[in-house]
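Within every chain, numbering begins at 1; the chains are lettered A, B, ... in the order of the sequence lines, protein sequences first and strands thereafter.
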2 protein chains.
Amino acid sequence: MGRPPKFTREKLQTAALSIVDEQGLEALSMRALAQALGTGPMTLYSYVDSREGLDVLVVEAIIGKAVWTHPPGTGWQDDLRYVARAMWQAVRLHPNAIPIVLTRRSRTPAIFAVAESLLGPLRGAGFANVQLLAAFRAVTALIVGMAQGELTGPLALKAGESAAETIAKFEALPRDTYPGLIEAALATDRSSPEGEFDLAMSFLVRGLESQIASQGESDA
Amino acid sequence: MGRPPKFTREKLQTAALSIVDEQGLEALSMRALAQALGTGPMTLYSYVDSREGLDVLVVEAIIGKAVWTHPPGTGWQDDLRYVARAMWQAVRLHPNAIPIVLTRRSRTPAIFAVAESLLGPLRGAGFANVQLLAAFRAVTALIVGMAQGELTGPLALKAGESAAETIAKFEALPRDTYPGLIEAALATDRSSPEGEFDLAMSFLVRGLESQIASQGESDA
DNA sequence: ACCTGAACACCGTTCAAGT
DNA sequence: ACCTGAACACCGTTCAAGT
């Protein structure tokens, strides 16, 4: 005999996301989420298959909340940059969750929607087939890679370490073995995550433009 | 009174890595590693601070084994592509470990070495300062993002699903809402991870070239 | 310094039973 | 269909003791 569900999937999503936001990824457990909802751990198995399902819940909550529609742009380049930046910002809003956003495979409508809104501008630029696929992969790789690199790249701040301390640490390295690393570390002072992302995207967009242009030539 | 260590750090590294390679990330635990080494769990605390240290052990093992030196190239572009591809392949050799390679922050000599060998070609190209930092971040983001996207992007194969099944699933989507996604999914048939990575890198390298070229103009 | 076993506070999940 | 508590086989880590 049927019984109405006690919770909505959305309720679970927001509860799970706030645990991750407030207490970190490790704090998300069947038992912790159940307690946050005022129920027993086993109740959650009516909504998810296993512990993995909790991660998917969080990823969906993050991707789902982002808005991918945008004002009509002035070209595929701007459209692409706009969607990419929105996606990057949505991910960055929940830094604790980034590892699972990168890691959990999920084919949900929300993911499909953002994928399509990246693919639209790329098709508009003239990409098709294998090149469309590669361009799509490159853009998404750059977006998630930049979000993650900000937190855990070699030049990222360590927890409880100031920017000045980070720079000092790199300046103390042997200057003739790590000249590039030292220069890059010094530059972190004059740099911002937004600036770095925009620059990185502009490199890639320039490259995509150049690829399209050279194909246009060989067609003619 | 001092006692000689029972294990070397390298012994732990290889034991930890083979657990991850053979049984997956979840199988790596203090107790499992201890058992593999024929000792008790508490012994490991002589070598690592905490569970997190086990992940660092694995990441170091992967990065450390890769060879980043390369034959003298014909330009910064080739040098950059060579190192990037070597790093990408090293990561791909241990697919189970990719989530922690992306995720665990670690400032070890091995990481510094590969970072510097990416920064070298970029400096040779003419990048400096904030642009050098952004270019470095873009390249590393592309490398790790492509490695991860191959496994968990929206177009990645699901475990126990054939390529044909994947394509069929996307072809079944509404063609007017997901035209790009369907075209990209169809292209996976004619595509390979190596081809996609090389294309993605060539987009980025073209963009870096173009950036440098346009600066040269404004200097003149 | 390094090794170790017992104990503690967790964890996901199976099972069996309830509505 | 959905909810639930008890029980089981794990887990990381503290503590106290040993060399």
[X] side chain: which of [options] is closest?
| X | options | result |
| --- | --- | --- |
| B:Thr43 | C:dC11, D:dC3, C:dT4 | C:dT4 |
| B:Ser46 | D:dG5, C:dC3, D:dT13 | C:dC3 |
| B:Met42 | C:dG5, C:dG12, D:dG5 | C:dG5 |
| A:Pro5 | D:dC2, C:dG5, C:dC11 | D:dC2 |
| B:Thr39 | D:dT13, C:dT4, C:dT13 | C:dT4 |

Which part of the nucleic acid, if any, lies within reach of A:Met30 when heavy atoms closer than 4.0 Å are counted: base, sugar-phosphate only, or nothing?
->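 Sugar-phosphate contact only.
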Give one of base, sugar-phosphate or nothing for B:Arg51, where a contact means two heavy atoms less than 4.0 Å apart.
-> sugar-phosphate
What is the distance, rounded to the nearest whole Å, between atom [atom1] of [X] and atom [atom2] of [N]?
| X | N | atom1 | atom2 | value |
| --- | --- | --- | --- | --- |
| A:Leu33 | C:dT13 | CG | C1' | 16 Å |
| A:Arg31 | D:dC10 | CZ | C1' | 11 Å |
| A:Glu52 | C:dC11 | CD | P | 18 Å |
| A:Gln23 | C:dC11 | CD | C1' | 15 Å |
| B:Leu25 | D:dC11 | CG | C1' | 16 Å |
| A:Leu44 | D:dT4 | CG | C1' | 12 Å |
| A:Glu26 | D:dG12 | CD | C1' | 13 Å |
| B:Leu54 | D:dC11 | CG | C1' | 13 Å |

CG of A:Leu37 to OG1 of A:Thr43: how many Å apart, nearest 0.5 Å?
->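 Here the rounded value is 9.0 Å.
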Distance from A:Leu54 atom CG to A:Leu25 atom CG, nearest 0.5 Å?
->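 Going from the CG atom of A:Leu54 to the CG atom of A:Leu25 covers 11.0 Å.
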Ignoring backbone atoms, establish whether [X] has a side-chain N or O less than 4.0 Å from OP1 or OP2 of [N].
| X | N | value |
| --- | --- | --- |
| B:Tyr45 | D:dT13 | yes |
| B:Tyr47 | C:dC3 | yes |
| B:Lys6 | C:dT4 | yes |

How would DNA chain C look in dot-bracket form, 5' to 3', counting Watson-Crick and G-U wobble pairs with both distances under 3.5 Å and writing | for bases paired to another strand?
-> ||.|||||...|||||.||
Above 12 or not: heavy atoms from other molecules or residues under 6.0 Å from NZ of A:Lys11?
->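 Not more than 12 within 6.0 Å, no.
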Partners of A:Tyr45 by ring-ring contact (aromatic ring centres under 6.0 Å, His included), sequence neighbours excluded?
-> none
Scanning both residues in full, the closest heavy-atom pair of A:Ala16 with A:Val58 reads CB-CG2, 3.8 Å
Might you point out which heavy atoms bring B:Thr152 and A:Thr103 nearest each other, and give the distance in Å?
->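 Shortest heavy-atom contact: CG2-O, 3.1 Å.
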Strictly under 6.0 Å, is that where the ring centroids of A:Phe170 and B:Phe112 end up?
->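 When the ring centroids of A:Phe170 and B:Phe112 are compared, they turn out to be within the sub-6.0 Å range.
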Just checking, is any N or O donor in the side chain of A:Thr166 or A:Glu161 under 3.5 Å from an acceptor N or O on the other one?
-> yes
